Engineer: 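Before I ask anything, here is the structure I am working with.
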Amino acid sequence: MQKRVQEFLQFVAVERGYSNHTVAAYRNDLSQFLTYLADEGVPSWHDVGRAHILDYILYLKNREYASSTVARKVAAVKSFFHFLVADGVLLDDPTVAVDSPPADKHLPHPLSPGQMARLLAEPAKSSTAKASRDRALLELMYATGMRASEVIGLELAAVDLEAGPVRCMGKGKKERVLPLYERAVEALRADLENGRAKLLCGRDETALCVNHRGRPLTRQGLWLIVQEYAAAAGIECRVTPHVLRHSFATHMLDGGAGLREVQELLGHSNISSTQIYTEVSTRRKREAYDQAHPRA
């Protein structure tokens, strides 16, 4: 049974172009499902029926997982069985008649424009090579709304500081060209001309984002950078690279950008993924109105 899981993971990694992070999530979710089936004495994928899927959903709920986590784990199982049928391993898909459990809808919490300004200003308080890199990183993320994996995956050749855009390779190996505003261009240019060379220490590295040893920056490294400056700026809410992506999208809509435009910039294949930011924008405007017009 494990062999089929490995084939599926290779399929989503190679054929679908899913990120390492997504493939790892599939691996964890399917490993848990395999363990459950083993405990239930199910010997092969041919023996899995609709009742097993329904019992597994109940098992997950009884373990008090968040509804969004249950929905994700069930989606992984569904995708796996779709693959087995498409690959000719199974004739029937036991998940077809199983509805995905609804996930609680959680609206993103972007930073306010004021908080964003404080965050972007923080690295400029230092003149070190690290601060130069960090300023360029924060400006780049806020200017483009790129995912963390997209940022750390950028090569030097992807950035054209003369023309202004950056070429980003997103999910499914789909490339999109993102414009940069002047502040981001200036921050990147300053880092490439001065700070980056000090971090490289003579190393030959094609990755745009490097750590203090001159090696490609990791997701964890990027997360820590954002956390460090959020704390220094006195921002008390949780700030991650994805919060900067939320902030980019919400501020774009607040500024009058169209939903389709934001969808293209974010690289969403489905506009429903982008529409959630219209709700965030509406919520923010309502909160601002309530603050300006308190009830007696």
Side-chain angles (χ1 to χ4, degrees), residues 9 13-14 17-25 27-28 111 116 118-162 164-171 173 175-176 178 180-181 183-235 238-248 267:
L9 295 175
V14 178
Y18 288 177
S19 68
N20 292 337
H21 179 74
T22 301
V23 174
R27 180 180 292 108
N28 291 336
L111 298 180
M116 197 69 234
R118 281 158 48 200
L119 180 66
L120 295 176
E122 202 60 38
K125 296 179 180 179
S126 174
S127 58
T128 64
K130 176 184 178 300
S132 174
R133 177 205 63 190
D134 297 345
R135 176 173 174 255
L137 272 173
L138 294 178
E139 291 284 1
L140 176 64
M141 286 189 285
Y142 183 53
T144 62
M146 283 193 289
R147 302 175 179 92
S149 58
E150 295 169 344
V151 174
I152 63 174
L154 286 175
E155 297 283 310
L156 279 171
V159 180
D160 186 346
L161 296 182
E162 297 304 319
V166 55
R167 294 186 174 276
C168 165
M169 189 64 68
K171 289 185 176 179
K173 303 297 183 183
E175 185 183 71
R176 61 190 193 275
L178 305 171
L180 294 175
Y181 54 71
R183 274 187 52 169
V185 171
E186 290 177 358
L188 282 164
R189 181 176 287 116
D191 182 53
L192 292 176
E193 292 178 353
N194 299 302
R196 177 183 167 83
K198 296 176 182 177
L199 293 177
L200 289 176
C201 297
R203 287 181 56 86
D204 185 17
E205 178 56 63
T206 61
L208 176 67
C209 308
V210 297
N211 62 21
H212 64 286
R213 296 187 181 91
R215 299 184 181 277
L217 191 66
T218 63
R219 289 175 63 97
Q220 180 67 9
L222 180 61
W223 188 89
L224 290 173
I225 288 169
V226 174
Q227 287 282 301
E228 173 190 346
Y229 288 105
I235 300 172
R238 185 169 182 265
V239 184
T240 67
H242 216 67
V243 169
L244 301 192
R245 180 171 164 85
H246 293 328
S247 303
F248 162 82

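What you see is a predicted model, and the numbers here were worked out from it, not measured in a lab. Numbers here are sequence positions counted from 1.
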Engineer: If you round to the nearest 0.5 Å, how far is CZ of R183 from CZ of R135?
Structural biologist: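 Separation between the atoms: 6.5 Å.
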Engineer: Any carboxylate oxygen within less than 4.0 angstrom of a Lys/Arg side-chain nitrogen, looking at R167 and E150?
Structural biologist: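 So R167 does not pair with E150 through a salt bridge.
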Engineer: The test is side-chain contact (heavy atoms from CB on, under 4.5 Å); show your working for E122 and L138 and say whether it passes.
Structural biologist: CA-CA 10 Å; E122 202 60 38; L138 294 178; 6.0 Å; no
Engineer: Kindly indicate, with the supporting measurements, whether the criterion side-chain contact (heavy atoms from CB on, under 4.5 Å) is fulfilled by T218 and N211.
Structural biologist: CA-CA 8 Å; T218 63; N211 62 21; 5.8 Å; no
Engineer: Do the side chain of R245 and the main chain of M146 share a donor and acceptor less than 3.5 angstrom apart?
Structural biologist: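 Such a contact is absent between R245 side chain and M146 backbone.
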Engineer: Nearest 0.5 Å, please: how far is CG in L9 from OG1 in T22?
Structural biologist: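 Rounded to the nearest 0.5 Å, the OG1-CG separation comes out at 11.5 Å.
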Engineer: Hey, does the side chain of T144 reach the backbone of L140 with a donor-acceptor pair shorter than 3.5 angstrom?
Structural biologist: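 Side chain of T144 to backbone of L140: a pair is present.
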Engineer: What are the two closest non-hydrogen atoms of S247 and L111, and how far apart are they?
Structural biologist: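 Taking S247 first and L111 second, the nearest heavy atoms are OG-N, 2.9 Å.
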Engineer: With no hydrogens and no angle check, is any side-chain donor or acceptor of R176 less than 3.5 Å from a backbone partner on M169?
Structural biologist: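 Checked: no pair found.
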Engineer: Any non-hydrogen side-chain atom of M141 less than 4.5 Å from a side-chain atom of H242?
Structural biologist: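 In short, these two side chains do not touch, never coming nearer than 4.5 Å.
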Engineer: If you apply the rule side-chain contact (heavy atoms from CB on, under 4.5 Å), what do you find for L137 with L217, and how did you get there?
Structural biologist: CA-CA 11 Å; L137 272 173; L217 191 66; 3.7 Å; yes
Engineer: Looking at R203, I want to see if its CZ is surrounded by more than 12 non-hydrogen atoms of other residues, nucleotides or ligands under 6.0 Å.
Structural biologist: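 Yes, because the 6.0 Å sphere around CZ of R203 holds more than 12 heavy atoms from other groups.
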Engineer: Quick one: do L192 and L161 satisfy side-chain contact (heavy atoms from CB on, under 4.5 Å)? Show the steps, please.
Structural biologist: CA-CA 10 Å; L192 292 176; L161 296 182; 3.7 Å; yes
Engineer: Using distance only, find each side-chain donor-acceptor pair of residues 195-202 under 3.5 Å and give its atom names and separation, not counting sequence neighbours.
Structural biologist:
unit_1 : atom_1 : unit_2 : atom_2 : d
R196   : NH1    : A207   : O      : 2.9
R196   : NH1    : L208   : O      : 2.9
R196   : NH2    : E205   : O      : 2.7
R196   : NH2    : A207   : O      : 3.1

Engineer: Quick check: closest heavy atoms across E139 and A187, and the distance to 0.1 Å?
Structural biologist: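 In terms of heavy atoms, the two residues are closest at CG-CB, 4.0 Å.
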Engineer: Quick one: pull up CG in L120 and CZ in R118 and give me the separation to the nearest 0.5 Å.
Structural biologist: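 Output value for this atom pair is 11.5 Å.
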Engineer: For a quick test of reading the model, state the closest non-hydrogen atom pair linking L154 to C168 and the distance between them.
Structural biologist: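 So the two residues come closest at CD2-CA, 4.4 Å.
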Engineer: With a 4.5 Å limit on heavy-atom distance, are the side chains of R189 and E162 in contact?
Structural biologist: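 In contact.
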Engineer: So, for A131 and Y229, which heavy atoms are closest and what is the spacing to 0.1 Å?
Structural biologist: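 Reported closest heavy-atom pair: CA-OH, 3.9 Å.
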Engineer: How close do V226 and L119 get, heavy atom to heavy atom, and via which atoms?
Structural biologist: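 That would be O-CD1, 4.4 Å.
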Engineer: When you compare the side chain of C209 with that of V151, does any pair of heavy atoms fall below 4.5 Å?
Structural biologist: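 Yes, their side chains come closer than 4.5 Å.
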Engineer: Calculate, to the nearest 0.5 Å, the distance between atoms NZ and CG belonging to K130 and D191 respectively.
Structural biologist: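 CG of D191 is found 12.0 Å from NZ of K130.
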Engineer: If I compare all heavy atoms of R219 with all of S149, which pair ends up nearest, and what's the gap?
Structural biologist: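 In terms of heavy atoms, the two residues are closest at NH1-CB, 3.4 Å.
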Engineer: With rounding to the nearest 0.5 Å, note down the distance linking CD1 in I152 to CD in Q220.
Structural biologist: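 I152 atom CD1 to Q220 atom CD measures 10.5 Å (nearest 0.5 Å).
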Engineer: Determine yes or no for a side-chain-to-main-chain donor-acceptor pair under 3.5 angstrom, with R133 supplying the side chain and V210 the backbone.
Structural biologist: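 A pair under 3.5 Å: yes.
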